[in-house]
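In what follows, a structure is listed as structure tokens, so that the remarks can point back to it.
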Amino acid sequence: MRYDSFCEEDTFRIGRELGQHVQEGEIFLLEGDLGVGKTVLAKGFAVGLGVMEPITSPTFTIIQEYTEGRIPLYHFDVYRIADVEEMYELGYEGYFFGEGVCLIEWASLIREILPEGCRVIQIEKDLERGFDYRRITITEV
């Protein structure tokens, strides 16, 4: 599945639409360069789940838990993970195989512990189409 986003509002809306349709136990791997709009998409995703509290990137906390929506959202940012062993210390299995949905930024850094069936949300810039343009592609691993 591929989406074209021409502004932050488009990226937010795409995230919201995804969040409205996700099911318990799904894992989404959010990939893209710094500043490409991963957090904007995550904010929309959360709103689609019914989360109304402010969404921030969990860069320094590794994980943010949002439980007020229709299903819990576990938003990971593993950019600062130095070793995959840190994920064991966080108890990642309880999140990955629990009752919520996981959204994981920089998931390629923990690829070896990701279960099958994850979906990748790749956000890419294409400056030929404009400074704010983003190509958002969703595939299954």
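In this text, all values refer to a predicted model and were calculated from it rather than measured experimentally.
Atom CD1 of residue I136 and atom OG of residue S5 lie 5.0 Å apart, to the nearest 0.5 angstrom. Distance CZ/R16 to CD/E9: 11.0 Å, rounded to 0.5 Å. Going from atom CD1 of I27 over to atom CZ of F76 covers 8.5 Å, rounded to the nearest 0.5 Å. Note that OH of Y79 is 12.5 Å distant from CD1 of I62, once rounded to the nearest 0.5 Å. Here I113 contributes atom CD1 and E85 contributes atom CD; the two are 9.0 Å apart, rounded to the nearest 0.5 Å.
E116 places no side-chain N or O within donor-acceptor distance of the main-chain N or O of V141, the cut-off being under 3.5 Å. A donor-acceptor contact shorter than 3.5 Å is absent between the side chain of E124 and the backbone of R134.
Under the 4.5 Å side-chain heavy-atom criterion for ILVMFWY residues, no single connected hydrophobic cluster contains both V78 and I55. Cluster membership check: L29 shares its hydrophobic cluster with Y74, using side-chain heavy-atom separations under 4.5 Å among Ile, Leu, Val, Met, Phe, Trp and Tyr. Note: the hydrophobic cluster containing L34 does not contain I121 (ILVMFWY, side chain heavy atoms under 4.5 Å, direct or indirect links). Two different hydrophobic clusters hold I123 and F12 under the rule that ILVMFWY side chains link at heavy-atom gaps under 4.5 Å. Two different hydrophobic clusters hold L73 and L114 under the rule that ILVMFWY side chains link at heavy-atom gaps under 4.5 Å.
Ionic pairing of E17 and R13 is present here: one or more N-O contacts between side-chain nitrogen and carboxylate oxygen are shorter than 4.0 angstrom. Taking a cutoff of 4.0 Å between a charged side-chain nitrogen and a carboxylate oxygen, D4 and R2 qualify as a salt bridge.
No side-chain heavy atom of V84 sits less than 4.5 Å from a side-chain heavy atom of R111. Here the side chains of V120 and T137 are not in contact, with every heavy-atom distance at 4.5 Å or above. V22 is listed as a side-chain neighbour of R70, based on a closest heavy-atom distance under 4.5 Å. Using a 4.5 Å heavy-atom cutoff, the side chains of L109 and I81 are not in contact.
Using a 4.5 Å cut-off between side-chain heavy atoms of Ile, Leu, Val, Met, Phe, Trp and Tyr, L127 falls into a hydrophobic cluster with F131. Under a 4.5 Å side-chain heavy-atom criterion applied to ILVMFWY residues, the cluster that includes Y133 comprises F6 as well.
Taking D83 as the reference, nothing meets the side-chain hydrogen bond (donor to acceptor under 3.5 Å, both in side chains) condition, with sequence neighbours excluded. For E26, the salt bridge (Lys or Arg N to Asp or Glu O under 4.0 Å) partners at least two apart in sequence or on another chain are R119.
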Checklist line | Working for side chain to side chain contact (heavy atoms under 4.5 Å, CB included), residues S108 and E31 | finding: CA-CA 8 Å; S108 60; E31 296 287 343; 3.8 Å; yes
Notebook entry, point to check: What do the steps show when you test E8 against D132 for side chain to side chain contact (heavy atoms under 4.5 Å, CB included), and what is the final call?
Noted result: CA-CA 8 Å; E8 278 192 22; D132 293 324; over 6 Å; no
In a table with atom names and distances, give each donor-acceptor pair under 3.5 Å that connects a side chain of residues 38-52 to protein atoms at least two apart or in another chain.
residue : atom : partner : partner atom : Å
K38     : NZ   : G32     : O            : 3.0
K38     : NZ   : D33     : O            : 2.9

Extract all donor-acceptor atom pairs below 3.5 Å that involve side chains of residues 87-105 and protein atoms in other chains or at least two apart in sequence.
residue : atom : partner : partner atom : Å
Y95     : OH   : E65     : OE2          : 2.6
E105    : OE2  : H75     : NE2          : 2.6

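Closest non-hydrogen pair, P115 versus C118, comes out as O-SG, 3.1 Å.
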